[in-house]
**Student:** 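Starting off with a structure, shown below.
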Amino acid sequence: MKNLVVLLAIAIQLTACNSKKKEEKVTKSETDSTTVNTEKSITETFLVYEGLLPCADCSGIATVLKIDQGNGTMEGQKFELSSIYKGKSPEKEFVEKGNFNTERGLESDPNGTTFILNWDKPADKQIYYGYFSSDTKKIYMLDRNKKIIKSKLNYSLDLKK
């Protein structure tokens, strides 16, 4: 009986060693293909909106909003908002980076999307943009109540990428 237990233990160890080698090979090839898929999905989840927003004391604010939805987790959702005040001397670029979150719905469109930039900061530091489900190529700057700014001036950015 004792010999049988020893033989069984040796057989389990040999099987485990062989399984581990196979597992390492599979894991390596899965990692290689995962890397390719991850790069592909990062590219697909990266959005760039651009436009010229109104400015009270300059000719316009050249604005670029980059949204990286990352891996789909809240920690992976990053944004970069660049603003250049045109007609000011010197023209300086202001860049704000941070995390964002989304909410479903925009005004009367329950399938629209609202982006809350700096969602993890106090409300006075948060910036809101949103798009309607019928036109995701145009994103609107929103007011503090997450409503589209009603104006004859253009408060929207267009999807470039």
Side-chain angles (χ1 to χ4, degrees), residues 22-161:
K22 288 179 184 173
E23 188 178 304
E24 286 174 7
K25 288 180 183 175
V26 170
T27 304
K28 184 173 177 7
S29 63
E30 285 176 355
T31 302
D32 292 344
S33 65
T34 302
T35 302
V36 171
N37 290 340
T38 301
E39 288 172 5
K40 186 177 180 184
S41 64
I42 286 173
T43 304
E44 292 172 356
T45 62
F46 194 68
L47 304 171
V48 178
Y49 290 92
E50 295 179 9
L52 190 66
L53 297 177
C55 178
D57 62 348
C58 67
S59 58
I61 306 168
T63 305
V64 178
L65 174 59
K66 296 177 184 174
I67 297 175
D68 182 0
Q69 295 177 332
N71 59 4
T73 64
M74 287 184 5
E75 295 82 19
Q77 297 177 316
K78 305 286 182 194
F79 78 90
E80 179 179 301
L81 182 63
S82 303
S83 305
I84 299 173
Y85 290 73
K86 300 304 236 174
K88 289 282 195 174
S89 184
E91 286 185 354
K92 284 180 61 177
E93 181 176 23
F94 297 91
V95 178
E96 185 168 358
K97 295 179 181 182
N99 300 315
F100 76 89
N101 198 1
T102 58
E103 289 181 356
R104 189 176 168 117
L106 176 62
E107 295 192 351
S108 62
D109 180 0
N111 296 316
T113 300
T114 298
F115 291 88
I116 305 163
L117 310 183
N118 292 326
W119 70 272
D120 51 349
K121 293 187 178 175
D124 64 330
K125 302 285 185 200
Q126 295 177 0
I127 304 165
Y128 307 105
Y129 280 88
Y131 59 70
F132 292 108
S133 60
S134 61
D135 185 9
T136 60
K137 294 182 180 184
K138 186 177 289 292
I139 194 167
Y140 297 91
M141 184 178 198
L142 307 177
D143 64 17
R144 291 275 165 215
N145 297 315
K146 301 177 191 168
K147 302 287 183 200
I148 292 177
I149 298 168
K150 305 294 183 207
S151 171
K152 292 180 182 178
L153 303 174
N154 181 25
Y155 283 93
S156 68
L157 306 173
D158 296 316
L159 182 65
K160 297 298 179 187
K161 179 180 175 185

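The model shown is predicted, which means the values in this text are computed figures rather than measured ones.
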**Student:** Got a sec, which residues hit salt bridge (Lys or Arg N to Asp or Glu O under 4.0 Å) with K150, two or more places apart in sequence or on another chain?
**Tutor:** E107
**Student:** Can you run down the ring-ring contact (aromatic ring centres under 6.0 Å, His included) pairs that involve residues 65-90, sequence neighbours left out, and say none if there aren't any?
**Tutor:**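 Found Y85-F94.
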**Student:** So which of T113, N111, D109 actually passes side-chain hydrogen bond (donor to acceptor under 3.5 Å, both in side chains) with R104?
**Tutor:**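 Of all the options given, the one that passes is N111.
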**Student:** Looking at V95 and S82, what are the two nearest heavy atoms and their distance?
**Tutor:**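 Shortest heavy-atom contact: CG2-OG, 3.9 Å.
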**Student:** Not counting sequence neighbours, which residues clear side-chain hydrogen bond (donor to acceptor under 3.5 Å, both in side chains) with K147? List them please.
**Tutor:**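 So K147 forms no side-chain hydrogen bond (donor to acceptor under 3.5 Å, both in side chains) with any residue.
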**Student:** Applying side-chain hydrogen bond (donor to acceptor under 3.5 Å, both in side chains), name anything that partners S156, two or more places apart in sequence or on another chain.
**Tutor:** N154
**Student:** Using the ring centroid of each side chain, check whether F100 and Y129 are separated by less than 6.0 Å.
**Tutor:** no
**Student:** Please check if the side chain of N101 supplies one atom and the backbone of I116 the other of a donor-acceptor pair under 3.5 Å.
**Tutor:** no
**Student:** Applying side-chain hydrogen bond (donor to acceptor under 3.5 Å, both in side chains), name anything that partners E96, two or more places apart in sequence or on another chain.
**Tutor:**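 By the side-chain hydrogen bond (donor to acceptor under 3.5 Å, both in side chains) rule, E96 matches N118.
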**Student:** Among all residues two or more places apart in sequence or in another chain, which pass the salt bridge (Lys or Arg N to Asp or Glu O under 4.0 Å) test with K121?
**Tutor:**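 Counting only residues at least two positions away or on another chain, K121 forms no salt bridge (Lys or Arg N to Asp or Glu O under 4.0 Å).
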**Student:** Once ring-ring contact (aromatic ring centres under 6.0 Å, His included) is applied, what residue pairs with a partner in residues 141-161 remain, sequence neighbours excluded?
**Tutor:** none
**Student:** Under the salt bridge (Lys or Arg N to Asp or Glu O under 4.0 Å) test, which residues partner K160, sequence neighbours left out?
**Tutor:**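 K160 satisfies salt bridge (Lys or Arg N to Asp or Glu O under 4.0 Å) with no residue once adjacent residues are dropped.
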**Student:** With rounding to the nearest 0.5 Å, note down the distance linking CG in L106 to CD1 in I139.
**Tutor:** 9.5 Å
**Student:** Please, which pairs that meet side chain to side chain donor-acceptor pair (under 3.5 Å) have at least one residue in residues 134-144, sequence neighbours excluded?
**Tutor:**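 Checked against side chain to side chain donor-acceptor pair (under 3.5 Å) - neighbours excluded - the pairs reaching residues 134-144 are K138-D158.
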**Student:** For the CD atom of Q126 and the CH2 atom of W119, what is their distance to the nearest 0.5 Å?
**Tutor:**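 So the gap between those two atoms works out to 9.5 Å.
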**Student:** If only atom types and distance count, is the side chain of T114 paired as donor or acceptor with the main-chain N or O of G105 below 3.5 Å?
**Tutor:** yes
**Student:** Side-chain donor-acceptor pairs under 3.5 Å in residues 50-66, sequence neighbours left out?
**Tutor:**
{"residue": "D57", "atom": "OD2", "partner": "K88", "partner atom": "NZ", "Å": "3.0"}
{"residue": "S59", "atom": "OG", "partner": "K86", "partner atom": "O", "Å": "3.1"}
{"residue": "T63", "atom": "OG1", "partner": "I61", "partner atom": "O", "Å": "3.0"}

**Student:** Got a sec, which residues hit salt bridge (Lys or Arg N to Asp or Glu O under 4.0 Å) with K125, two or more places apart in sequence or on another chain?
**Tutor:**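 Residues passing salt bridge (Lys or Arg N to Asp or Glu O under 4.0 Å) with K125: none at all.
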**Student:** Could you work out, with side-chain hydrogen bond (donor to acceptor under 3.5 Å, both in side chains) as the rule, every residue matching Q77, not counting sequence neighbours?
**Tutor:**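 Listed in chain order: nothing, the list is empty.
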